Amino acid sequence: MDTVPYQTKDLQPAGDAELVAPGVWLLAGRPRHAFNVYLIGDTLVDSGTRHAARRIARQTGRLPLSAHVVTHGHLDHMGSSHAVCEAFGIPLLCGAEDVAAVESGGLSELAEKPLPVRIERRLLGGPGHPVARTLEEGDEIAGFTVLHTPGHTPGHVALWRERDRVLVLGDVLFNLRPATGKRGLQLPPRFLTRDAARNLESARRLAQLEPRVICFGHGPVLRDGGQFADFVAKASVDDDA
Ligand SMILES: [Zn+2]
């Protein structure tokens, strides 16, 4: 596997993508903020459901993307990953423990999942794609540092840029629950989370970093680090989610 860090340059997507921080874009999605896809430098982070492929292509067009990162191996974060990697000829990167899920398009662990997840797989999931390189704690990607944040899935990763305290935290916390439309900070649903206690530990670790701009897999960007810290301080694994 390749260990040379990718050079990054800031790209600008077409359409009404939202500029979150220098070099960090939240692509326009539908429903808005339901399944977030970010362009960070020249790296695409997550790919939404399989229905997002054309929308991503419209916004990223002919941009010289260099890599695709999947924060974790759930189908609403990698549904268009195969299409994106094929279209741009770019490598797919994810945490080591999620490789089987990503490469199988979420089929590798489907049998043990409850019925709603199996239905969701049919509605939202796309084909798997080979992982070119695994992301480890401390790796640098597109000017961000990789943090291993297990719990929601074993190989879940977050991205952190200390200089302006921007955090892309995948599904460690939700800021909108797409299935119900419930808004605001919340723990990820229990039945979708492998180890809720470990996920909460990851959330606490992220809160200690004192992020100022928090980017979620689901929900709008939060620019209130105090609100984030308060939520994490009060959250309990016994909270009904
Ligand atoms: Zn998700």
Side-chain angles (χ1 to χ4, degrees), residues 26-38 40 44-53 55-56 68-82 84 92-95 97-102 104-110 112-126 128-129 135 147-159 167-196 198-200 202-203 206 214-222 228 231 235 239 241:
L26 170 53
L27 297 191
R30 201 179 307 142
R32 195 156 184 251
H33 297 148
F35 306 103
N36 289 334
V37 177
Y38 296 91
I40 302 183
L44 193 77
V45 177
D46 287 343
S47 69
T49 73
R50 71 180 156 90
H51 306 293
R55 200 158 46 239
I56 293 171
H68 175 41
V69 166
V70 172
T71 58
H72 63 290
H74 279 172
L75 48 90
D76 54 330
H77 296 257
M78 59 183 192
S80 295
S81 291
H82 177 69
V84 163
L92 192 160
L93 291 70
C94 74
E97 298 88 343
D98 281 18
V99 167
V102 170
S104 71
L107 292 174
S108 63
E109 47 183 21
L110 204 62
E112 63 192 70
K113 295 288 186 189
L115 185 63
V117 181
R118 282 181 272 152
I119 293 172
E120 194 186 32
R121 170 67 183 70
R122 289 211 151 197
L123 295 175
L124 304 179
H129 189 80
L135 292 170
L147 306 175
H148 183 212
T149 47
H152 185 60
T153 66
H156 191 290
V157 294
L159 300 174
L167 176 67
V168 180
L169 55 55
D171 278 2
V172 174
L173 291 180
F174 282 29
N175 199 21
L176 167 76
R177 185 158 170 194
T180 61
K182 183 188 170 197
R183 292 170 183 278
L185 286 173
Q186 53 203 291
L187 295 170
R190 263 297 177 95
F191 76 96
L192 289 172
T193 301
R194 177 72 70 86
D195 184 335
R198 209 160 174 222
N199 181 63
L200 188 53
S202 290
L206 295 179
I214 302 128
C215 306
F216 303 85
H218 308 288
V221 173
L222 179 68
F228 180 78
F231 176 86
D239 292 349

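In each ligand, atom 1 is the first atom listed, and ligand 1 is the first ligand listed. Remember, it's a predicted structure, so these values are computed and weren't measured experimentally.
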K.L.:
Any donor-acceptor pair under 3.5 Å linking the side chain of R50 with the backbone of G79?
P.N.:
no
K.L.:
Only one of T149, D98, D171, T153 forms a side chain to side chain donor-acceptor pair (under 3.5 Å) with H72, so which one is it?
P.N.:
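When side chain to side chain donor-acceptor pair (under 3.5 Å) is applied between H72 and each of T149, D98, D171, T153, only D171 qualifies.
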K.L.:
Run the side chain to side chain contact (heavy atoms under 4.5 Å, CB included) test against P150 and tell me which residues pass, sequence neighbours left out.
P.N.:
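With sequence neighbours excluded, P150 shows a side chain to side chain contact (heavy atoms under 4.5 Å, CB included) to H148, R198, S202, given in chain and number order.
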K.L.:
If you draw a sphere of radius 2.8 Å around the Zn ion (ligand 1), how many protein N/O/S atoms end up strictly inside it?
P.N.:
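Protein heteroatoms (N, O, S) closer than 2.8 Å to the Zn ion (ligand 1) number 4.
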K.L.:
Verify whether the ring centers belonging to H74 and H156 lie closer than 6.0 Å.
P.N.:
no
K.L.:
My understanding is that only one of D46, T49, N36 makes a side chain to side chain donor-acceptor pair (under 3.5 Å) with H77; could you say which?
P.N.:
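Only one option passes, and that is D46.
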K.L.:
Suppose we call two aromatic rings close when their centres sit under 6.0 Å apart. Are H68 and H129 close by that rule?
P.N.:
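Ring centroids of H68 and H129 are no less than 6.0 Å from each other.
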